[in-house]
Asker: 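Sharing a structure with you now.
Every heavy atom of this structure was used, including side-chain atoms; hydrogens, water molecules and symmetry mates were not. The residues of the chain are indexed from 1 along the displayed sequence.
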Amino acid sequence: MITLYKNTKVGLETITDLQPGCWINMIDPTPDEITRTYQELEIPQDFLTYPLDVDELSRTEKEDGATLIILRVPHFQGKNLDVPYTTLPMGIVLTENYFVTVCRQENCIIREFASGKVRGLSTVKKNRFVLRLMLWAAYKYLSYLREITKVTDTLEDELQQSTRNREVLELLKYQKSLTYFTTALKSNQLMLERLQKSHLFDQYPDDEDWLEDVITENQQAIAMTDIAGNILSQMMDAFASIISNNLNMVMKMLASITIIMSLPTMLASFYGMNVNLPLDEHPVAFLAILAVSFVLSLGAAFIFWRKDWL
């Protein structure tokens with residue numbers, strides 16, 4: 001799908017015809033759409049197909065007067081999936097009169113830019129628009145990291161009394177997400193440093209400042225992801241031990257109850273045999289047996305309590 005946007009007096013609006021200074025947004029384009037676009041813009045076809053590979057790393061490339069920037073952006077898939085948060089490659093192609101964004105799936109960054117949530121955008125200022133895209137991506141990483149932290153804090157409270165593996169498996173899902181974030185952010189950082197050395201955004205001093213802000217926010221996201229990943233890894237190890245300990249405590253309690261209950265049963269079994277037994281003919285034999293059973297059970301319970309098994 002291809003959507004064209006251009007800045008007007010009322011903000012970012014959708015247009016139908018290709019115009020200089022417009023933003024061309026391609027989401028999972030068909031082969032025909034790719035062919036038509038690269039022929040009309042006179043750019044290499046690979047610039048439009050590279051970002052469609054979900055395993056493509058962040059990088060920058062220049063050919064035939066066009067510049068390709070591949071940025072890995074965060075993507076929320078859903079809490080019930082095996083990996084709630086992952087990353088996607090988003091391609092940005094800069095030409096003299098246009099800039100193109102290419103992604104296999106619609107992501108939150110493109111959606112928020114296209115909906116007008118981000119104010120002060122200008123499609124004519126291509127470099128500034130691209131820098132704001134990259135800065136918004138760094139903000140989204142930080143936002144998703146805060147969401148992951150909230151979820152893991154909730155799971156931590158549940159794990160303290162848990163004897164099941166469900167909570168640990170939930171933590172594993174978010175650890176996978178953090179691994180994807182770490183790989184993508186470090187790849188983005190290398191790409192941003194190459195952009196800085198290439199002087200692509202040196203035309204205006206403000207653009208240089210924007211690029212510095214992008215690099216700073218990306219570095220902060222890397223640091224937060226590393227911290228969150230280390231905490232989550234240590235938490236999983238600790239709570240795996242806690243779950244094992246909780247299970248051991250349950251087993252000790254069940255074993256203690258079994259022993260306590262078996263003492264009266266054993267005594268009743270003896271007096272249920274068809275042989276001569278003490279107190280056979282005594283009028284209070286039944287009460288005496290009950291009393292002895294009660295004393296034995298109480299004594300066993302006291303011993304287990306002192307040993308902290310109950």
Asker: Give a yes or no on whether the backbone of Ile148 and the side-chain of Thr152 come within a donor-acceptor separation of less than 3.5 Å.
Answerer: yes
Asker: Any chance you could measure Glu61, atom CD, to Arg194, atom CZ, to the nearest 0.5 Å?
Answerer: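 One finds 11.5 Å between CD of Glu61 and CZ of Arg194.
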Asker: Under a 4.5 Å cut-off applied to non-hydrogen side-chain atoms, are Gln196 and Leu192 in contact?
Answerer: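 Sidechains of Leu192 and Gln196: no contact.
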Asker: Which atom names give the shortest non-hydrogen contact between Leu52 and Val102, and what distance separates them?
Answerer: CD2-CG1, 3.8 Å
Asker: Do Glu106 and Met1 have side chains that approach each other closer than 4.5 Å (heavy atoms only, starting at C-beta)?
Answerer: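 Side chain of Glu106 against side chain of Met1, heavy atoms only: no contact under 4.5 Å found.
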Asker: Would you check, one step at a time, whether the test side chain to side chain contact (heavy atoms under 4.5 Å, CB included) holds for Asp82 with Lys176?
Answerer: CA-CA 9 Å; Asp82 188 48; Lys176 290 179 182 178; 2.9 Å; yes
Asker: Do the non-hydrogen side-chain atoms of Leu178 and Leu145 ever get within less than 4.5 Å of each other?
Answerer: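 Yes, close enough: below the 4.5 Å cut-off.
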Asker: Less than 4.5 Å apart, any side-chain heavy atom of Ile70 and any of Met191?
Answerer: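 Result no, sub-4.5 Å side-chain heavy-atom pair not found.
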Asker: Nearest 0.5 Å, please: how far is CD1 in Ile215 from CD in Glu217?
Answerer: 11.5 Å
Asker: What distance do Thr225 atom OG1 and Tyr144 atom OH have between them, rounded to the nearest 0.5 Å?
Answerer: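 Going from OG1 on Thr225 over to OH on Tyr144, the span is 13.5 Å.
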Asker: Within the supplied structure, the quantity of interest is the number of heavy atoms (other residues, nucleotides, ligands) at a distance under 6.0 Å from Glu40 CD; does it exceed 12?
Answerer: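 Enclosed: over 12 neighbouring heavy atoms sit under 6.0 Å from CD of Glu40.
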Asker: So does Val83 get a backbone contact from the side chain of Gln77, meaning a donor-acceptor N/O pair under 3.5 Å?
Answerer: yes
Asker: Measure the shortest side-chain to side-chain distance between Cys103 and Asn25 over non-hydrogen atoms and say whether it is less than 4.5 angstrom.
Answerer: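 They are not in side-chain contact.
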Asker: Quickly, which of Ile43, Val100, Thr67 forms a side chain to side chain contact (heavy atoms under 4.5 Å, CB included) with Thr95? Name it, please.
Answerer: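 By the side chain to side chain contact (heavy atoms under 4.5 Å, CB included) criterion, Thr95 pairs with just one of Ile43, Val100, Thr67: Ile43.
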Asker: What is the distance from atom CG of Leu68 to atom CD1 of Ile92, rounded to the nearest 0.5 Å?
Answerer: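 Output value for this atom pair is 9.0 Å.
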Asker: Do Leu185 and Asn218 touch side chain to side chain, with heavy atoms closer than 4.5 Å?
Answerer: yes
Asker: In terms of side-chain heavy atoms, does Tyr85 have a donor or acceptor partner in Glu147 at a distance below 3.5 Å?
Answerer: yes
Asker: In terms of ring plane angle, is the pair Phe181 and Tyr141 parallel, tilted or perpendicular, where the classes change at 30° and 60°?
Answerer: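 Because their plane-to-plane angle is over 60°, the rings of Phe181 and Tyr141 count as perpendicular.
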Asker: Would you say the side-chain atoms of Ser58 and Asn188 include a donor-acceptor pair closer than 3.5 Å?
Answerer: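 Ser58 vs Asn188: donor-acceptor pair found between side chains.
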Asker: Less than 3.5 Å apart, any donor N or O on the side chain of Thr87 or Arg72 sitting next to an acceptor on the other?
Answerer: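 The criterion, which ignores hydrogens and geometry beyond distance, is satisfied for Arg72 and Thr87.
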Asker: Between atom CD1 of Ile2 and atom CZ of Arg36, what is the distance when rounded to the nearest 0.5 Å?
Answerer: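 Result: 5.0 Å between the selected atoms.
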Asker: Would you say that Leu88 contacts Arg104 through its side chain, given a criterion of any heavy-atom pair below 4.5 Å between the two side chains?
Answerer: no
